[in-house]
2 protein chains.
Amino acid sequence: MKTLLENIAKHVELTNEEQESVLSLIETDHYKAKTILLEEGKICTHSFFVLKGILRSYTIDENGVEHVMNFACPGWWIADMYSFLSQRPGQLFIETNEEAEVILLSKENQEKLYLQVPKMERFFRILIENSLIANQQRLIDNMTFTAEARYDKFSKKYPELVNCLPQKQIASYIGVTPEFFSKMKARLLKK
Amino acid sequence: MKTLLENIAKHVELTNEEQESVLSLIETDHYKAKTILLEEGKICTHSFFVLKGILRSYTIDENGVEHVMNFACPGWWIADMYSFLSQRPGQLFIETNEEAEVILLSKENQEKLYLQVPKMERFFRILIENSLIANQQRLIDNMTFTAEARYDKFSKKYPELVNCLPQKQIASYIGVTPEFFSKMKARLLKK
DNA sequence: TGAAGCCCTTAACCTAGATTAAGAAATGTT
DNA sequence: AACATTTCTTAATCTAGGTTAAGGGCTTCA
């Protein structure tokens with residue numbers, strides 16, 4: 001539980017009472033590996049804050065191929081932002097890789113939180129800003145870099161992830177097939 | 001000037017006084033075709049609201065190739081969000097296509113505005129949310145659709161733009177070379 | 001009005017990455 | 001321990017889209 005308040009403290013300062021408000025509006029849950037927390041076509045009613053384990057969001061295209069949009073490690077938030085903000089059916093799945101512990105904040109309670117602790121509006125605005133910036137950068141990278149350069153950037157940015165995710169998920173995140181990813185890695189080792 | 005207040009009214013209701021506050025903190029400017037309003041490596045000190053004409057943002061990669069990130073028609077905002085939010089040098093150019101009329105809001109004045117008219121914080125939060133959603137969708141489209149499908153989606157979403165932008169800019173936005181775009185269009189006509 | 005650029009098109013050829021297939025390694029399950 | 005399942009690798013073949021090059025039709029500006 002501590003990590004959520006720590007995470008909030010990075011951006012806004014809360015009094016003890018305000019912290020209590022936050023804690024009163026969230027739930028904590030525990031999931032087994034490969035549990036699906038959100039499915040395509042469903043409304044994303046909660047956003048998730050990871051305490052333990054790794055979650056990922058992805059779409060499945062018309063050929064049944066999975067495309068990883070985001071990973072979330074402990075200390076990160078994850079949701080289908082389109083669906084969460086608009087409260088309409090979205091296209092993302094959210095799933096645990098390993099056993100995970102997660103804090104849930106429902107859309108409803110988020111709105112209560114805005115009323116009880118207006119500072120939290122600022123907090124979530126900053127999260128969304130950072131998310132927008134990261135997304136924009138990823139778009140630029142996808143349009144301007146080769147797969148090899150994207151992998152290089154990924155492994156420098158998330159060294160913890162490189163060794164604890166299945167390769168096919170990393171391949172999907174950087175936008176190539178697992179076969180090509182494997183070939184690429186072999187090529188890189190030769191250098 | 002009217003269009004800015006109309007645009008704001010879509011998301012938040014302002015009193016007359018609050019409207020005056022907004023108007024007192026913005027500037028209006030007029031630019032000739034192909035004027036560069038922001039350059040790579042510079043800090044994005046203003047965000048732009050288009051009244052007339054079309055602006056676009058783009059990066060230039062290491063091979064000198066331009067990649068269009070966004071277009072902005074009348075009634076749209078545009079900025080290098082990374083640079084504008086962090087006030088650090090960014091990588092985007094922003095440029096007019098045709099002669100244009102633009103409202104400028106400086107980062108400084110935006111912050112004054114938040115103090116004078118707290119509702120505006122909500123307004124900009126909504127803009128950023130929409131921007132995030134659009135960006136996320138574009139990432140998904142780039143990862144899951146073929147160039148032809150992306151063009152199809154683009155021309156349905158922005159029919160006004162298809163006929164008033166140089167083709168090479170549309171090609172760049174959807175992520176292909178002008179030559180391939182030309183070939184693709186010829187192929188589509190045959191059907 | 002004419003030269004200098006753009007922009008668009010077409011076509012031949014090239015390449016990053018996809019697809020298919022099949023075996024090897026790791027992992028989970030009983 | 002043994003089976004099934006999933007993941008990773010390698011290799012052959014294929015393709016969406018890139019590159020290079022060349023010609024023609026536009027603007028634009030002297």
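In what follows, chains are A, B, ... by sequence order, proteins preceding strands, each numbered from 1. Quick caveat, the model's predicted, so the values are computed rather than measured.
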**Student:** Can you give one letter per nucleotide of nucleotides 22-30 of chain C, 5' to 3': B if a protein heavy atom sits under 4.0 Å from the base, S if only from the sugar-phosphate, - if neither?
**Tutor:** ---------
**Student:** Is there a residue in residues 150-172 of chain A whose heavy atoms reach under 4.0 Å of DNA chain C, and which residues are they?
**Tutor:** none
**Student:** To the nearest 0.5 Å, tell me how far A:Arg125 CZ sits from B:Ile128 CD1.
**Tutor:** 6.5 Å
**Student:** Through what angle, rounded to 10 degrees, does the axis of the helix from C:dT1-D:dA30 to C:dT30-D:dA1 turn between its ends, using five pairs per end?
**Tutor:** 50°
**Student:** Check the phosphate of C:dC8 against B:Ser182, side-chain N and O only, distance under 4.0 Å to OP1 or OP2. Yes or no?
**Tutor:** no
**Student:** Identify the heavy atoms of B:Pro166 and B:Asn97 that sit nearest to each other, and give their distance.
**Tutor:** CD-ND2, 4.3 Å
**Student:** Rounded to whole angstroms, how far apart are CG on B:Leu189 and P on C:dC8?
**Tutor:** 15 Å
**Student:** Would you grab the first and last nucleotide of DNA chain D (5' to 3') that comes under 4.0 Å of any non-hydrogen atom in chain A?
**Tutor:** D:dT7 to D:dT10
**Student:** How many angstroms lie between OG in A:Ser155 and CD1 in A:Ile170, if you round to the nearest 0.5 Å?
**Tutor:** 8.5 Å
**Student:** Extract all donor-acceptor atom pairs below 3.5 Å that involve side chains of residues 110-117 of chain A and protein atoms in other chains or at least two apart in sequence.
**Tutor:**
unit_1: A:Gln116; atom_1: OE1; unit_2: A:Ser21; atom_2: OG; d: 3.1

**Student:** Which atoms form the tightest heavy-atom contact between B:Asp80 and B:Ile94, and what is the distance?
**Tutor:** N-CD1, 3.9 Å
**Student:** Looking at B:Phe84, I'd like to know if the NZ or CZ of B:Lys107 sits under 6.0 Å from its six-membered ring centre while staying within 45 degrees of the ring's axis.
**Tutor:** yes
**Student:** If only atom types and distance count, is the side chain of A:Ser83 paired as donor or acceptor with the main-chain N or O of A:Arg88 below 3.5 Å?
**Tutor:** yes
**Student:** For residues A:Tyr82 and B:Gln136, is any side-chain donor paired with an opposing acceptor at under 3.5 Å?
**Tutor:** no
**Student:** Hey, can you tell me if A:Trp77 and A:Phe124 have their rings parallel, tilted or perpendicular (30° and 60° cut-offs)?
**Tutor:** perpendicular
**Student:** Provide, to the nearest angstrom, the distance between the CG atom belonging to B:Asn63 and the C1' atom belonging to C:dT15.
**Tutor:** 15 Å
**Student:** Rounded to whole Å, please give me the gap between CZ in B:Phe181 and C1' in C:dT10.
**Tutor:** 16 Å
**Student:** Could you pull out all residues at least two apart from A:Tyr173 that satisfy ring pair (Phe, Tyr, Trp, His ring centres under 6.0 Å)?
**Tutor:** A:Phe71, A:Phe154
**Student:** Between B:Thr28, B:Leu4, B:Ile78, which is the residue that forms a side-chain contact (heavy atoms from CB on, under 4.5 Å) with B:Phe49?
**Tutor:** B:Leu4
**Student:** Mind calculating the distance between CE (A:Met184) and C1' (C:dA18) to the nearest angstrom?
**Tutor:** 14 Å
**Student:** Please state how far atom CG in A:Asn142 lies from atom P in C:dG17, giving the value in whole angstrom units.
**Tutor:** 11 Å
**Student:** From B:Thr59 OG1 over to B:Met69 CE, what is the distance, rounded to the nearest 0.5 angstrom?
**Tutor:** 5.5 Å
**Student:** Less than 3.5 Å apart, any donor N or O on the side chain of A:Gln137 or A:Asp141 sitting next to an acceptor on the other?
**Tutor:** yes
